[in-house]
Amino acid sequence: MSVLELEDIIVEYDRRDSGRIRAVAGASLTVARGQIVGLVGESGCGKSSLARVAVGLVKPVGGTVLFDGRPVTPLGRRARPRELVKLQLVFQNPYSSLNPRRTIGSQLADALVALDVVTRRGRAARVRELCELVGLTAAAAERYPHEFSGGQRQRIAIARTLAAGPSCLIADEPISALDASAQAQVANLLTVLVREEGIGLLLVSHDLSVVRQVADPGDRYWDVLTWRLADGR
C-alpha cells in the first residue's frame, strides 16, 4: 500500500518580468513503505518544487497529495495536523535548518516535546538513541552544530526527522553539498533506515549515480523513477 501519493501535480510561480511560469506540469508518483523512489532531473526542472508540494510547503495549482490516504494540506499559521507529522522533509543544507545557539540534544528533543511521544524522564534517553541511530555518539547531544562536519550535520538533520517517528521521508538533495566520503556515508545511512525502519523514501537528486547507489532497481522492494518535470524539458 502506498504511504505517499502525488497525482497530476501542477506548480506555477509568479514572475515580475514574464508573468506566471509553470515549474511542474502534471507529475504523479507513489511511495510505499520500505521503498526508495528516486526523483532525478537537472537543476531547475522542478524537483524541489514537487518535494515541497509533497510535504505541504508549496500549494499546487492543480493535483492532489495523499499521505496514508489523507489529503496533505499546505502549511499555514496553525499547527500541522498530528496525523501528518509522520511525513518529514530532509533539507539540502542541514546547517541552515539547525539553530547554532542550541545544542543538538535540545533540538532533537523539540519534536519529542511537541508530539509528547515520550515521557519527560525518557526524553534524554530517546535523544541519545536518535544520535546513535544515525551513527553519532550519545555525547553528540551536548554539542553545537558548528562542532560537526557537513556529513555529521546531515545525520543530525535526519535524526531530527526520525524523532517524529516518520513513515515517509522526502530527502531533497540531501548529499549534494557534501564531499564524496560524506555522500557515501549519508547515502548508506538512508538505505539502512529504509530497510530497518520500514520508512518510505522519496530521494530527490540531480545525480543519477547517487540514486543508483541508494535505489537498487534489481531489488523488488525498490524502484527508480527518472523524470523531466518542467514544460519542454
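- Rounded to the nearest 0.5 Å, atoms CG (L75) and NZ (K59) are 12.5 Å apart.
- Rounding to the nearest 0.5 angstrom, the gap separating the CD1 atom in I104 from the CZ atom in R155 is 13.5 Å.
- Taking every heavy atom of both residues into account, L108 and L112 meet most closely at O-CG, 3.9 Å.
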Q: Show your working on side chain to side chain contact (heavy atoms under 4.5 Å, CB included) between Y13 and V58 and close with a plain yes or no.
A: CA-CA 10 Å; Y13 298 107; V58 170; 4.1 Å; yes
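- Residues T64 and D8 have side chains not in contact (no heavy-atom distance under 4.5 Å, counting atoms from C-beta outward).
- In terms of the side chain to side chain donor-acceptor pair (under 3.5 Å) criterion, residue partners of T103 (sequence neighbours excluded) are, by chain and number, S106.
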Under 3.5 Å, which donor-acceptor pairs do the side chains of residues 133-148 form with other protein atoms, sequence neighbours left out?
residue: R143; atom: NH2; partner: E147; partner atom: O; Å: 2.8
residue: E147; atom: OE2; partner: Y144; partner atom: N; Å: 2.8

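- Residues D172 and R52 are paired through a salt bridge, judged by an N-O separation under 4.0 Å between the basic side chain and the carboxylate.
- Annotation: side chain of L29 is in contact with side chain of L50 (closest heavy-atom distance under 4.5 Å).
- Nearest heavy-atom pair across V186 and Q154 is CG1-CG, 4.1 Å.
- For Q185 (side chain) and A182 (main-chain N/O), no donor-acceptor pair under 3.5 Å exists by modelled atom type.
- Interatomic distance, L193 CG to L169 CG, rounded to the nearest 0.5 Å: 7.5 Å.
- Rounding to the nearest 0.5 Å places SG of C131 at 10.5 Å from CZ of R126.
- The closest side-chain heavy-atom distance from V24 to S49 is below 4.5 Å.
- Proximity of V113 to R123: side-chain heavy atoms (C-beta onward) are separated by under 4.5 Å at one or more points.
- Looking at S2, its side chain never comes within 3.5 Å of a backbone N or O of E5 through a donor-acceptor pair.
- When atom types are taken as modelled, the side chain of E132 and the backbone of E129 share no donor-acceptor pair closer than 3.5 angstrom.
- L190 is not listed as a side-chain neighbour of V192, based on a closest heavy-atom distance of 4.5 Å or more.
- R20 and V61 get closest at one heavy-atom pair: NH2-CG2, 3.7 Å.
- When the side chains of ILVMFWY residues are joined at heavy-atom separations under 4.5 Å, either directly or via intervening members, V72 and I10 end up in two distinct hydrophobic clusters.
- Taking CZ of R102 as the reference point, atom CD of Q107 lies at 5.5 Å (rounded to 0.5 Å).
- Annotation: side chain of P71 is in contact with side chain of L66 (closest heavy-atom distance under 4.5 Å).
- The shortest heavy-atom contact between C168 and V31 is SG-CG1, 4.5 Å.
- Among all heavy-atom pairs drawn from L201 and A171, the shortest one is CD1-CB, 3.9 Å.
- Contact check for L87 versus I170: side-chain heavy atoms found under the 4.5 Å cut-off.
- Salt bridge status for K86 with D68: absent, with no side-chain N to carboxylate O gap under 4.0 Å.
- Cluster membership for V65 and L57, using ILVMFWY side-chain heavy atoms within less than 4.5 angstrom, is shared.
- In this structure, R33 and I199 have side chains that are not in contact, with every pair of non-hydrogen atoms separated by 4.5 Å or more.
- P174 and V90 get closest at one heavy-atom pair: CB-CG1, 4.3 Å.
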Which pairs would a plain distance check flag for residues 159-166, meaning a side-chain donor or acceptor within less than 3.5 Å of a matching protein atom at least two apart in sequence or in another chain?
residue: R160; atom: NH1; partner: S97; partner atom: O; Å: 2.9
residue: R160; atom: NH2; partner: S97; partner atom: O; Å: 2.7
residue: R160; atom: NH2; partner: S97; partner atom: OG; Å: 3.4
residue: T161; atom: OG1; partner: I158; partner atom: O; Å: 2.6

